Amino acid sequence: MSPWIDTSTLDEFQTLHKLDPADQFQIYNGLDCCVTAEVFEQLSDLLRKQNSPHAQNLYNFERGMQGLALDMMRRGFLTDSLERMKLAEQYQKIKSRVEHLLNRYASAVWGLPLNPASPKQLREFFYGAMKLPEQYAIYNKRRVVSCNRECLERLQAYFYAIPIINCIFESRDAQKKISVLTTGISSSGRFHSTFSPASTETGRWSSSKDAFGEGGNAQNITPELRRIFIADPGKKLIHFDQKQAESVVVGLILSALGDDRYLRAFQSGDLHTTVAKMIWPGEVHDKKSAEKIFYRHFSYRDMAKRGGHLSNYRGKPKRMSEALKLPLDLCENFQYIYYKAFGLEKFHSYISKELQLHQSLITPLGMQRHFFGNPYDDEILKEAIAFIPQSTVGQITSIVAHRAWLKEPRLEPLTHDHDGFTWQFPDDRRLERDLAGYIRDIGKVPLKFLNKEVTIPLEISTGWNWASASHPVFDGKNPDGLIEYKGEDSRVRTTWRERLA
DNA sequence: ATTCCCAGCGCG
DNA sequence: AAAGCGCGCTGGGAAT
């Protein structure tokens with residue numbers, strides 16, 4: 001028999017800690033339920049007083065996503081343990097080797113070892129011991145002396161620093177991957193994440209460690225590591241992504257403002273390839289040549305995508321030249337042509353005007369975001385310019401996943417990555433065709449902005465691991481990876497057969 | 001020994 | 001003066 005406890009007068013030290021643990025848990029439970037209910041009463045009151053359909057819609061929308069999110073969190077994503085251990089070992093070897101080498105270089109310079117993960121040591125080493133000119137990066141609108149990748153790349157102009165910097169890059173790359181491969185995968189070999197449908201400014205989902213502190217963010221896994229993520233035995237992955245999604249939304253807005261050139265460029269072919277052709281007319285003439293590697297694991301097309309995005313969202317040529325490793329004059333020229341070709345300044349000035357009139361924006365899907373900063377400030381303007389495309393695309397993904405979750409139990413939800421979503425389903429060719437058709441159907445989410453309407457096309461792919469089969473990093477050696485589904489997939493699960501043999 | 005912040009970096 | 005936006009995690013290192 002538990003005592004009556006009045007929590008409004010409960011003293012933590014005088015009373016609570018003297019109760020037996022069962023009673024303490026009861027109190028904890030009671031507070032968890034009752035305080036939540038009290039918060040709800042207060043919040044719904046606020047919502048009523050605000051009398052805004054947008055706020056109520058957003059609340060309903062995000063609340064409705066919780067079941068789907070919980071389903072994904074409980075299921076987790078199976079990983080290939082053997083492959084995972086092999087990769088982790090491989091990166092660990094690379095890391096020890098380059099760090100050994102790095103320490104030899106460092107000893108020669110300043111008689112001490114050098115930890116490539118320590119910003120402090122790196123600064124002292126390059127700008128102190130080696131006397132190289134200080135390089136700056138910008139964090140949180142602050143300009144600081146830094147040794148991040150861009151800064152070190154600039155230091156490669158000093159030839160004697162090149163081998164040292166290369167060691168640091170190799171070590172950092174390896175470490176990043178090791179941490180994903182080794183941190184907290186449950187004993188069943190599954191990677192679990194928390195998915196939060198209501199934690200971002202834009203209405204995107206966020207992903208993080210699971211409730212037990214294991215697993216991690218499933219939204220920042222590199223193409224290379226995605227190969228570790230596999231379908232359960234007897235299952236196959238099906239994935240959609242929204243093609244050039246944010247660009248379409250920018251195109252929709254421009255079109256509603258009376259300029260449909262950007263939307264037309266998208267409708268007449270691959271937009272990012274078109275942009276790549278504009279930047280590298282000598283190297284890129286079609287989609288195939290656009291997919292050649294340009295820098296690290298980025299293709300020309302990837303770079304064009306980033307350059308286009310950056311320019312759409314008001315990135316300047318200087319920033320672009322650093323991000324895309326291109327000469328400044330080329331970027332200035334590119335952006336001049338790009339803006340002129342598509343009339344992007346109309347998009348920017350429209351957002352600026354809305355911001356100044358209302359201090360808020362409403363997306364084609366009815367999500368409203370308030371901007372509390374100075375509406376004449378460029379910083380707020382940039383947030384606002386990025387808001388509508390980001391929000392719209394993220395919410396479409398959620399809508400499609402939610403529709404499937406309500407109606408199609410054979411689609412087991414696994415991950416949400418902003419412009420795309422991945423499920424697994426029982427590995428059967430007829431079912432595969434039906435489900436691909438089903439996703440294509442529910443994937444049609446018309447967007448209306450002012451007087452214009454557009455629907456973002458989906459690309460559907462299937463496979464047994466989460467990496468693209470055709471991604472350049474695999475050099476054609478990922479036969480089980482995702483490939484675009486065009487009515488039939490004649491493959492069988494190769495690695496699985498080898499594993500059983 | 002633990003907590004907190006920063007720098008750096010992955011994804012969309 | 002110049003700066004795309006949105007997230008979350010790790011390791012280093014200072015603070016507690």
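FYI, side chains are in, hydrogens and waters are out, and symmetry mates aren't considered; it's all heavy atoms of this structure. Residue numbers start from 1 in every chain, and the chains themselves are labelled A, B, ... in the order their sequence lines are given, proteins ahead of strands. Note that the coordinates shown come from a computational prediction; the quantities given were computed from them, not determined experimentally.
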Seminar exercise, completed: W423(A) meets the ring-ring contact (aromatic ring centres under 6.0 Å, His included) criterion, sequence neighbours left out, with F240(A), F421(A)
Problem set entry | Any R226(A) side-chain N or O less than 4.0 Å from OP1/OP2 of dG10(B) | no
Problem set entry | Inter-residue atom distance S470(A).OG - N478(A).CG, 0.5 Å rounding | 9.0 Å
Exercise. Taking atom C1' of dT10(C) as reference, at what distance in whole Å does atom CG of L181(A) sit?
Worked result: 14 Å
For this session: Indicate yes or no: does D377(A) engage K382(A) in a salt bridge with an N to O separation below 4.0 Å.
Result: no
Problem set entry | Between dG12(B) (P) and D241(A) (CG): distance, integer Å | 9 Å
At a cut-off of 3.5 Å, list every protein nitrogen or oxygen paired with a nitrogen or oxygen from nucleotides 1-4 of chain B, distance to 0.1 Å.
none

Exercise. Can a donor-acceptor pair under 3.5 Å be found between the side-chain atoms of K382(A) and the base atoms of dC5(C)?
Worked result: no
Exercise. Expressed in angstrom and rounded to an integer, what is the separation of K316(A) atom NZ from dC5(C) atom P?
Worked result: 11 Å
Exercise. Hey, can you pull the residues of residues 195-209 of chain A with a non-hydrogen atom under 4.0 angstrom from DNA chain C?
Worked result: T200(A), E201(A), T202(A), R204(A), S206(A), S207(A), S208(A), K209(A)
For this session: Kindly compute the distance separating CD (E62(A)) from OG1 (T200(A)), expressed to the nearest 0.5 Å.
Result: 7.0 Å
Problem set entry | Passing option when F77(A) is tested against F191(A), F195(A), F229(A) for ring pair (Phe, Tyr, Trp, His ring centres under 6.0 Å) | F229(A)
Problem set entry | Contact residues, residues 86-104 of chain A to DNA chain C [heavy atom, < 4.0 Å] | none
Problem set entry | OP1 or OP2 of dG8(B) under 4.0 Å from side-chain N/O of S146(A) | yes
Problem set entry | Residue H418(A), side-chain atoms from C-beta onward, closest of dG6(C), dT10(C), dC9(C) | dG6(C)
For this session: Classify the nucleic acid contact of I221(A) as base, sugar-phosphate or nothing, counting any heavy atom under 4.0 Å across all strands shown.
Result: sugar-phosphate
Seminar exercise, completed: Separation of dG12(B) atom P from F421(A) atom CZ, nearest Å, is 16 Å
Problem set entry | salt bridge (charged side-chain N to carboxylate O under 4.0 Å, His left out) assessment of E201(A) paired with R369(A) | CA-CA 8 Å; E201(A) 292 282 359; R369(A) 173 173 169 191; 3.8 Å; yes
For this session: Grab the CG-P distance between L310(A) and dG6(C) for me, whole Å please.
Result: 14 Å
Exercise. How does DNA chain C look in dot-bracket notation if pairs are Watson-Crick or G-U with both distances under 3.5 Å, crossing ones as [ ], other-strand ones as |?
Worked result: ....||||||||||||
Exercise. Could you give the CZ-to-P distance, from F169(A) to dG8(B), as a whole number of Å?
Worked result: 12 Å
Exercise. Does R314(A) have a side-chain nitrogen or oxygen under 4.0 Å from the phosphate oxygens OP1 or OP2 of dC5(C)?
Worked result: no
Exercise. Once you round it to whole Å, what is the distance between C1' of dC11(B) and CD of Q219(A)?
Worked result: 8 Å
For this session: Go through the side-chain N and O atoms of Y91(A) and Q175(A) and say whether any donor and acceptor fall under 3.5 Å apart.
Result: no
Exercise. Under 3.5 Å, is there a donor-acceptor pair linking the side chains of S118(A) and N115(A)?
Worked result: no
For this session: May I ask you to check whether Y262(A) and F266(A) place their ring centres under 6.0 Å from each other?
Result: no
Exercise. Any donor-acceptor pair under 3.5 Å joining the side chain of N220(A) to the base of dG10(B)?
Worked result: yes
Exercise. For the pair made of OH in Y313(A) and P in dG12(B), what is the distance, rounded to whole Å?
Worked result: 14 Å
Exercise. Can a side chain N or O of Q175(A) be found less than 4.0 Å away from OP1 or OP2 on dG11(C)?
Worked result: yes
Exercise. Does one side chain, of Q368(A) or S360(A), offer a donor that lies under 3.5 Å from an acceptor on the other?
Worked result: yes
Seminar exercise, completed: Which of dA3(C), dG10(B), dT10(C) is nearest the side chain of K318(A)? It is dA3(C)
Problem set entry | Salt-bridge contact E332(A)-K318(A) (side-chain N to carboxylate O under 4.0 Å) | no
Exercise. Do S199(A) and S206(A) meet the criterion of a side-chain donor-acceptor pair at a distance under 3.5 Å?
Worked result: yes
Exercise. For H370(A), does the NE2 atom sit with more than 12 other heavy atoms under 6.0 Å from it, leaving out its own atoms?
Worked result: yes
Problem set entry | T422(A) versus W466(A), side-chain donor and acceptor atoms under 3.5 Å | yes
Problem set entry | Separation between CG of D417(A) and OG of S207(A), rounded to the nearest 0.5 Å | 10.0 Å
Problem set entry | Given T397(A), D419(A), T455(A), the one that forms side-chain hydrogen bond (donor to acceptor under 3.5 Å, both in side chains) with Q242(A) | T397(A)
Identify each atom pair where a protein N or O and an N or O of nucleotides 12-16 of chain C are less than 3.5 Å apart, giving names and distance.
unit_1  : atom_1 : unit_2  : atom_2 : d
dG12(C) : OP1    : N115(A) : ND2    : 2.9
dG12(C) : O3'    : S118(A) : OG     : 3.1
dG13(C) : OP1    : S118(A) : OG     : 2.3

Exercise. Aromatic rings Y338(A) and F342(A): how do their planes relate, parallel, tilted or perpendicular, breaks at 30° and 60°?
Worked result: perpendicular
